[in-house]
Amino acid sequence: METIESDVVIVGAGGAGLRAAIALAEADPGLRISLLSKVYPMRSHTCAAEGGAAGVARSDDSMDLHFGDTVGGGDWLCDQDAVEFFINEAPKELTRLEHWGCPWSRETDGSVGVRPFGGMKIKRTWFAADKTGFHLLHTLFQTSLKFESIRRFDEVFTTDLLVSDGRIQGCCAVEMRTGEMKQFLAPAVILCTGGAGRIFPFTTNGAIKTGDGMALAYRAGVPLKDMEFVQYHPTGLPATGILLTEGCRGEGGVLRNKDGYRYLQDYGMGPETPLGEPVLKTMELGPRDRLSQAFWQEQKKGNTVPTKWGDCVLLDMTHLGEARILERLPFVHELAHAYAGVDIVKEAVPIRPVVHYMMGGIHTDINAATPLPGLFAAGECACVSINGANRLGSNSLTELLVFGKRAAESAVKYVRSGTTKVDRAAADQQANAAEARVQALFDRPESTETMTAVRNEMTHAMETGAGIYREEAMLKDTADALAKLRQRQTSIALRDKSKVFNTEFTQLVELGCMLDVAQAVAVSALARKESRGSHQRLDHVERDDETFLKHSMAHYQGEDAPRMDYLDVVITKSRPGVRDYSGAKS
Amino acid sequence: MSQRQITFEILRYDPETETEPRFQAYCVPCEEEWVVLDALNYIKDTLDGTLNYRWSCHMAVCGSCGMMINGEPMLSCKAFIRDLPAGTIKVEPLYHFPIERDLVVVLDDFMDKLESVKPYVIPKKQRPIEDGPYKQTPKQLHQYQQYSMCINCLLCYAACPQYGLTPEFIGPAALALTHRYNLDSRDKGRRQRQEVVATHEGVWECSFVGACSEVCPKDVDPAGAIQQMKIASTADWYLEHLMPWRRS
Amino acid sequence: MSRNPYVREVPRTTWYMRNNRYIRYMLREVSCVFIGLYAASLTVGLVRLAQGDNEWTHYLNGISSPTGILFSLLAFGFACYHSITWFNVTPRAMRIPKGDGFVPGPAIVSAHYIIWAVVSLVFLLMMGVL
């Protein structure tokens with residue numbers, strides 16, 4: 001087995017991974033950095049983010065306002081020290097990206113433009129038309145090419161973390177083009193593997209978002225935090241789940257039910273605002289969880305529009321005019337035309353809520369460090385938590401910059417602390433075991449069990465029991481179903497025996513990861529007997545700060561369901577209050 | 001729901017058991033609104049798990065799923081079956097790249113070329129973060145914006161006959177990105193990039209077939225970018241020879 | 001190593017038959033042969049003119065023979081094809097800034113046609129045809 005020795009290994013080369021790699025290379029050109037990804041960096045799902053990245057830019061905005069919007073948006077489940085750090089770093093990171101060439105949209109005087117997003121008191125979303133994530137990813141990737149010390153391993157699929165002596169020693173990964181296992185030895189590993197939206201049937205997430213890094217850390221004994229909080233984005237195209245950015249509403253798009261009525265005013269987000277004059281934190285600029293929940297209520301009332309792909313409501317942008325749509329929302333225009341056959345200049349487009357983002361993830365502290373020495377995590381796969389129970393739109397792109405860099409800084413400090421010599425013998429032994437496990441997948445006896453069946457039943461169980469609204473009985477069914485599916489998964493045999501670019505093999509490993517992560521979501525949701533942010537229980541409709549102003553921690557227990565315990569939320573200056581999205585008072 | 005049975009002829013290649021690629025036919029019940037990628041996923045999930053291809057976002061932005069569909073380079077996630085001529089649909093890996101496995105091609109050559117053109121801002125001097133963002137007017141942004149839209153899907157390389165005949169050619173996407181940075185008001189690195197691109201393997205290999213721009217799913221127009229670079233390089237040459245004192 | 005990437009060779013002599021786009025491109029390239037031949041024919045004409053009346057008449061008879069006329073038509077056709085395809089791509093090779101954007105493509109193309117028409121008119125006038 002080939003062994004590659006480095007100082008820091010980064011798994012995942014999306015926004016967070018690339019930002020971490022650059023920060024490491026800048027911190028010390030002598031550091032040996034290995035950047036692993038199961039896809040080429042520019043294929044990472046960061047590219048699909050559309051709307052923008054939040055950072056205080058205007059003189060009428062302030063750190064306190066961004067703090068308030070984030071913490072309130074997160075229903076007070078955010079760690080406030082982390083939020084404060086994040087908000088202070090945000091403008092610097094966005095500026096740095098500007099210096100690296102990100103084509104931010106501009107005001108006529110040449111300054112960076114900002115647009116409003118849901119749940120914001122002041123406009124503070126930096127945007128590059130409606131392809132912000134794409135530009136951010138390509139800017140980072142292209143900038144990373146500048147640094148010789150960043151050694152990239154593209155299409156290398158990480159299967160195991162190497163842990164011994166109570167700390168990380170590196171990881172093992174299969175090079176997809178040869179099918180060969182490689183051992184990456186390093187005293188520090190940063191996981192930047194993104195979310196796990198694919199555990200649901202209807203998601204904006206790409207095929208690669210299968211929670212691999214979450215599962216790796218979880219199995220290595222790091223708890224997964226706040227996994228029950230899954231964000232539905234209110235405006236996805238039916239059938240494909242393609243995202244239409246929140247920028248649509250930021251620019252003034254409105255939501256209508258089948259009667260053309262702007263139903264959000266019935267759900268505590270009114271009064272109705274005039275067309276084309278969006279008011280911050282009101283109506284369509286309410287937070288994502290509230291908007292998605294309002295859809296569910298409308299559907300129950302029979303006010304949605306039936307389509308062949310299920311019930312929808314209408315996103316109407318026709319009053320914005322062609323010029324503004326083409327300037328500010330060109331991608332939305334293209335996507336709606338191509339995938340829904342709708343010209344948004346002329347007609348409203350049918351949309352429905354769609355799984356978008358996992359607030360939960362690998363438990364890290366404010367330094368992006370996990371409880372396992374040497375293991376760090378950043379981006380969607382991690383949970384610091386700055387997102388709490390519901391992420392504020394456009395905080396995630398900024399988060400992967402701020403915490404990607406932070407993870408790199410922490411890793412450098414850790415590596416330099418000198419207590420980190422790799423235990424070669426133990427690492428070798430584990431790598432050999434990992435290789436044997438991979439071989440065992442190929443050697444499984446033929447069976448009638450199929451990957452497709454297990455995957456479909458998993459996504460179905462998640463949607464049925466762990467969707468926008470949840471209740472005890474349904475969640476129990478889901479958790480039971482997932483436990484059984486984890487069993488069934490072990491008998492799936494590979495039909496493709498080739499070593500070269502075998503995607504049936506990678507899909508099987510991904511399925512194992514998704515099942516572990518899905519079970520953590522369901523069990524965490526079952527245990528949280530309250531409603532908070534994106535986690536809404538029909539049987540426990542109120543928020544319960546007494547018992548549940550706490551982070552859920554799911555601990556891996558092998559074949560059994562995870563063990564749950566709780567961690568206090570860090571509160572510094574904002575006591576839990578009422579989330580008010582009516583009429584943008586004060 | 002209107003379903004149609006459609007036959008897909010897909011180029012298969014397993015280097016471990018085969019010496020050359022072969023076509024394999026699959027009959028797929030296609031929904032009206034399907035793209036070719038949906039049909040491939042159907043095959044992978046229900047007919048033949050051994051079929052391999054790259055895909056991720058299904059929204060024409062990650063650039064993974066470029067392939068030849070009826071001989072045309074297309075993103076399979078944007079190739080609507082209803083827009084293709086009736087009859088068998090032929091799917092092959094992108095032309096001009098070596099086939100790794102089935103529809104998966106080897107991208108090493110492009111990755112090296114991309115790196116060679118220095119696709120990043122090379123400032124005159126490092127700007128401190130405290131100085132805030134550069135000023136860049138919408139007009140300055142428009143200068144390069146179109147060329148920043150490249151998703152590296154490599155349809156342009158599969159369309160470019162010059163790249164097929166002369167693999168040393170840097171090629172459309174990498175040159176378009178060179179142009180993108182050259183035109184950026186924050187960049188001062190054009191001179192460094194010229195060493196690579198104002199060469200025979202650079203812009204001068206292009207004979208303006210224009211196929212790259214016709215197949216580009218993001219309207220980047222690499223052919224236009226390359227012609228503009230040729231004009232600018234020519235101007236450089238004349239200035240250098242007619243006004244040698246301008247050299248610094 | 002289990003990999004063995006398969007390289008599909010591009011046919012060196014027939015690659016342009018692969019699709020219409022390439023055929024159109026080759027037609028544009030081939031047009032230069034006819035334009036070149038026409039220029040050569042004009043040069044020969046000049047030489048003949050210098051050689052005297054007899055030779056000049058001989059030359060004129062040559063180019064007004066059915067073969068000569070056919071060749072001229074062919075060369076004219078290719079010259080037009082070359083010009084039109086070239087005009088159509090000019091906006092992409094030369095972007096002229098205007099306001100926050102650029103002069104629209106059709107305007108640049110039209111300008112080329114107008115210049116073409118004007119130059120043709122001047123020549124026709126000089127030649128006394130009009």
Side-chain angles (χ1 to χ4, degrees), chain B residues 11 13-21 68 70-73 92-102 104-106 108 137-143 145-146 159-167 183 207-215 221-232, chain C residues 1-36 78-79 81-112:
Chain B
L11 199 69
Y13 174 58
D14 180 357
E16 293 201 315
T17 55
E18 292 163 325
T19 51
E20 59 181 30
M68 306 303 293
N70 290 340
E72 271 287 295
E92 299 164 80
L94 284 178
Y95 286 162
H96 305 154
F97 293 97
I99 307 175
E100 188 79 76
R101 172 95 195 266
D102 296 340
V104 177
V105 294
V106 182
D108 296 357
T137 63
K139 183 179 175 176
Q140 289 172 317
L141 173 64
H142 281 144
Q143 289 294 320
Q145 195 172 29
Q146 180 181 17
C160 174
Q162 295 296 358
Y163 180 64
L165 293 164
T166 316
L183 293 177
S207 57
F208 206 175
V209 180
C212 53
S213 299
E214 286 180 48
V215 302
D221 193 13
I226 297 173
Q227 307 327 305
Q228 291 166 38
M229 289 164 84
K230 284 184 192 170
I231 294 172
Chain C
M1 205 74 129
S2 43
R3 329 172 44 206
N4 184 21
Y6 183 86
V7 177
R8 293 160 289 177
E9 293 296 339
V10 176
R12 292 275 136 187
T13 47
T14 55
W15 61 267
Y16 55 87
M17 300 301 284
R18 226 163 43 184
N19 67 39
N20 292 337
R21 194 179 286 137
Y22 297 169
I23 293 174
R24 286 199 304 271
Y25 160 75
M26 282 308 262
L27 279 177
R28 194 182 85 203
E29 296 292 288
V30 164
S31 65
C32 71
V33 174
F34 289 88
I35 296 164
F78 271 109
Y81 181 75
H82 190 104
S83 308
I84 290 165
T85 50
W86 181 248
F87 288 179
N88 287 342
V89 295
T90 44
R92 290 157 52 197
M94 49 192 251
R95 298 198 304 173
I96 304 167
K98 184 189 162 205
D100 278 350
F102 301 94
V103 175
I108 297 180
V109 176
S110 313
H112 279 82

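By convention in this document, chain letters (A, B, ...) are assigned in the order of the sequence lines, proteins followed by strands, and residues within each chain are numbered from 1. The figures here come from the full heavy-atom set of this structure, side chains too, leaving out hydrogens, waters and symmetry mates.
- Heavy atoms of B:T19 lying under 4.5 Å from chain C belong exclusively to its backbone.
- Of all heavy-atom pairs spanning B:F97 and C:R8, the tightest one is O-NH2, 3.0 Å.
- Closest approach of C:P5 to B:E100, counting heavy atoms only: CG-OE2, 4.0 Å.
- With a threshold of 4.5 angstrom between heavy atoms, B:E20 approaches chain C through its backbone and through its side chain.
- With hydrogens and angles ignored, the 3.5 Å screen pairs no side-chain donor or acceptor of B:Q227 with any backbone N or O of C:M94.
- Contact tally against chain B (heavy-atom pairs below 4.5 Å) for C:M26, C:R21, C:R24, C:E29: the top residue is C:R21.
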Quiz prompt | Steps toward side-chain contact (heavy atoms from CB on, under 4.5 Å) verdict (B:Y13, C:N4) | solution = CA-CA 10 Å; B:Y13 174 58; C:N4 184 21; 3.8 Å; yes
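- The closest donor-acceptor contact from the side chain of C:R3 to the backbone of B:E16 lies at 3.5 Å or more, if one exists at all.
- Proximity to chain C (any heavy atom under 4.5 Å) is restricted, for B:V106, to the side chain, taken from C-beta onward.
- Neither the backbone nor the side chain of B:E18 comes within less than 4.5 Å of any heavy atom of chain C.
- In this structure, chain B has a heavy atom under 4.5 Å from the side chain of C:F102, while its backbone stays farther away.
- By the 4.5 Å heavy-atom criterion applied to side chains, C:R18 and B:P161 are not counted as neighbours.
- The contact between C:Y6 and chain B is made by backbone and side chain atoms together, counting heavy-atom distances below 4.5 Å.
- A pairwise comparison of heavy atoms in C:S2 and B:P15 identifies O-CB, 4.0 Å as the closest pair.
- The heavy-atom pair separating B:G164 from C:V10 by the smallest distance is O-CG2, 3.5 Å.
- Taking chain C as the reference chain and counting heavy-atom pairs below 4.5 Å, the highest number among B:G210, B:P21, B:A211 is found for B:P21.
- Under a 3.5 Å cut-off, the side chain of C:R95 and the backbone N or O of B:Q143 do form a donor-acceptor pair.
- Only the side chain of C:P97 comes within less than 4.5 Å of a heavy atom in chain B; its backbone stays farther off.
- Scanning both residues, C:R28 and B:F208, for their nearest heavy atoms gives NH2-O, 2.8 Å.
- The main-chain N or O of B:L165 is found under 3.5 Å from a side-chain atom of C:R12 such that the two form a donor-acceptor pair.
- In this structure, chain C has no heavy atom under 4.5 Å from any part of B:V104.
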